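Note sheet for the following structure.
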Amino acid sequence: MTQGNGTSDGTIRWGILGTGFIAALQTRDLNEHGFTVQAVGSRSLDSARAFAEQHGVPAAHGSYEALVADPAVDVVYIATPHPFHHANALLALNAGKHVLVEKAFTMNAREAREVFDLAASRGLVALEAMWSRFLPHMIRLREVIADGTIGEVRKIIASHNQDLPKDPGHRLNDPALGGGALLDLGVYPVSFAIDILGTPDTIRAGASMTATGVDRQTAAIFGYGTGQQAIIDCELDAAGPNRAVVLGTDGWIDVEPTWYNPTPFTVFDGQGNVLERFDLPVSGRGMQYQAAELERLIRSGSAAGTILPPDQSVAVMAAMDEIRRQIGLRYQTDAVADKH
């Protein structure tokens, strides 16, 4: 396998922008695998100090501006809600910091391009924190496909269905905060499909909406000029097995629940015989691997890696833009995009 072990020598210093649930998960994995978490920033100094105390972070800042201006910070991990990723990333990049930006990377493809263009112009690295892409089982899965073990890939099926809070005021149900199943959950199977099959030629999508106006459940079929298909779905108010399958002309790969977490997979030939079972234990949640990739890119002086290059992050956002267009899901940021 070409992937590293997800550890760090600690010489690159991290700042955490945001103090919510996902920020805590990433910080825990950083701390447990040798990364240096130097500072945390929040719009509330009390929140930043509480987070710093809980996670052993040396410095706490009461604004995002103060965090990105901290000379002891080299990289900023952005863990705010989707609508703020674009502005937060630009803030950090303009301060000379590399960025690891939570998914969905931005609200739309236009914003994603702006982030990557600024990073390139400043000689900095911007990486989408689609953590599943960097997990050991996904690295090995791509190798199995590249080796031709299951023949030509014909179809991908991937789901992400969860039973999440139904409170209309919750972030997930609030259009002002980028709520809905697609951006929070559907981004995983969309990214998986583009990872394996590339940018689709056609997209057909349908959805059911909540009373607050975001998508409760969404399904889409990606079509490709060679006849390949990706069938993806997501839902935020009903849990599912969350498996993924890659079907080829000579076999298939069954990725066990939950496919986007560290998990085993089994490779079968066309007659259903087991060719390989991959089951590598991962310490922590597994978010250290994306951080290790960002540090690798910084040290190598590369703006883009092969696991998740900028053009694929933009392609993911563009695909979700098209899905949203078809299902009638609009956000406040779309009004800005309409002017460009």
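Quick note: numbers below take in every heavy atom, side chains included, and nothing from hydrogens, waters or symmetry partners. From a predicted model like this one, the values you see are computed outputs, not experimental measurements.
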Residues passing the ring pair (Phe, Tyr, Trp, His ring centres under 6.0 Å) test with H55, sequence neighbours excluded, are F51

Side-chain contact, heavy-atom cut-off 4.5 Å: T106 with M317?
yes

Can you name the side-chain contact (heavy atoms from CB on, under 4.5 Å) partners of R204, sequence neighbours left out?
none

Flag the pair E102 / I78 as yes when at least one side-chain heavy-atom distance between them is below 4.5 Å, and no otherwise.
no

By the ring pair (Phe, Tyr, Trp, His ring centres under 6.0 Å) test, which pairs, at least two apart or in different chains, include something from residues 107-130?
F105-F116

Which atom pairs, donor and acceptor, lie under 3.5 Å between side-chain atoms of residues 34-43 and protein residues at least two apart or in another chain?
unit_1	atom_1	unit_2	atom_2	d
T36	OG1	G10	O	2.6
S42	OG	S44	N	3.1
S42	OG	S44	O	3.4

Value for CG (L141) from CD1 (I150), rounded to nearest 0.5 Å, stands at 7.5 Å

Could you state the interatomic distance from CE (M138) to OH (Y289), rounded to the nearest 0.5 Å?
14.0 Å

Of all pairs that satisfy ring pair (Phe, Tyr, Trp, His ring centres under 6.0 Å), the ones with a partner from residues 222-254, not counting sequence neighbours:
W252-F268

Quick check: do R154 and Q229 have side-chain heavy atoms less than 4.5 Å from each other?
no

Run the numbers on D233 and N161 for side-chain hydrogen bond (donor to acceptor under 3.5 Å, both in side chains), then give the verdict.
CA-CA 8 Å; D233 68 274; N161 301 306; 3.0 Å; yes

For K166, check salt bridge (charged side-chain N to carboxylate O under 4.0 Å, His left out) against everything at least two apart and list the hits.
D163

Indicate every side-chain donor-acceptor pair of residues 177-201 with a distance under 3.5 Å to a residue at least two apart or in another chain.
unit_1	atom_1	unit_2	atom_2	d
D184	OD1	R171	NH2	3.2
D184	OD2	H82	NE2	2.9
D184	OD2	R171	NH1	2.8
Y188	OH	K103	NZ	3.0
Y188	OH	W131	NE1	3.0
S191	OG	R133	NE	3.1
S191	OG	R133	NH2	3.2
D195	OD2	R142	NH1	2.6
D201	OD2	G225	N	2.5

Could you work out, with salt bridge (charged side-chain N to carboxylate O under 4.0 Å, His left out) as the rule, every residue matching E32, not counting sequence neighbours?
none

By side-chain contact (heavy atoms from CB on, under 4.5 Å), A120 pairs with (sequence neighbours left out) none

Taking side chain to side chain donor-acceptor pair (under 3.5 Å) as the definition, give me every residue that meets it alongside D74, ordered by chain and number, with sequence neighbours left out.
R13

Does some side-chain heavy atom of V99 sit less than 4.5 Å from a side-chain heavy atom of L127?
no

Between R216 and E235, is there a salt bridge with N-O shorter than 4.0 Å?
yes

Partners of D250 by salt bridge (charged side-chain N to carboxylate O under 4.0 Å, His left out), sequence neighbours excluded?
none

Mind checking what makes salt bridge (charged side-chain N to carboxylate O under 4.0 Å, His left out) contact with D147, not counting sequence neighbours?
none

What I'd like to find out is whether the side chain of L308 reaches to under 4.5 Å of the side chain of S313, using heavy atoms alone.
yes

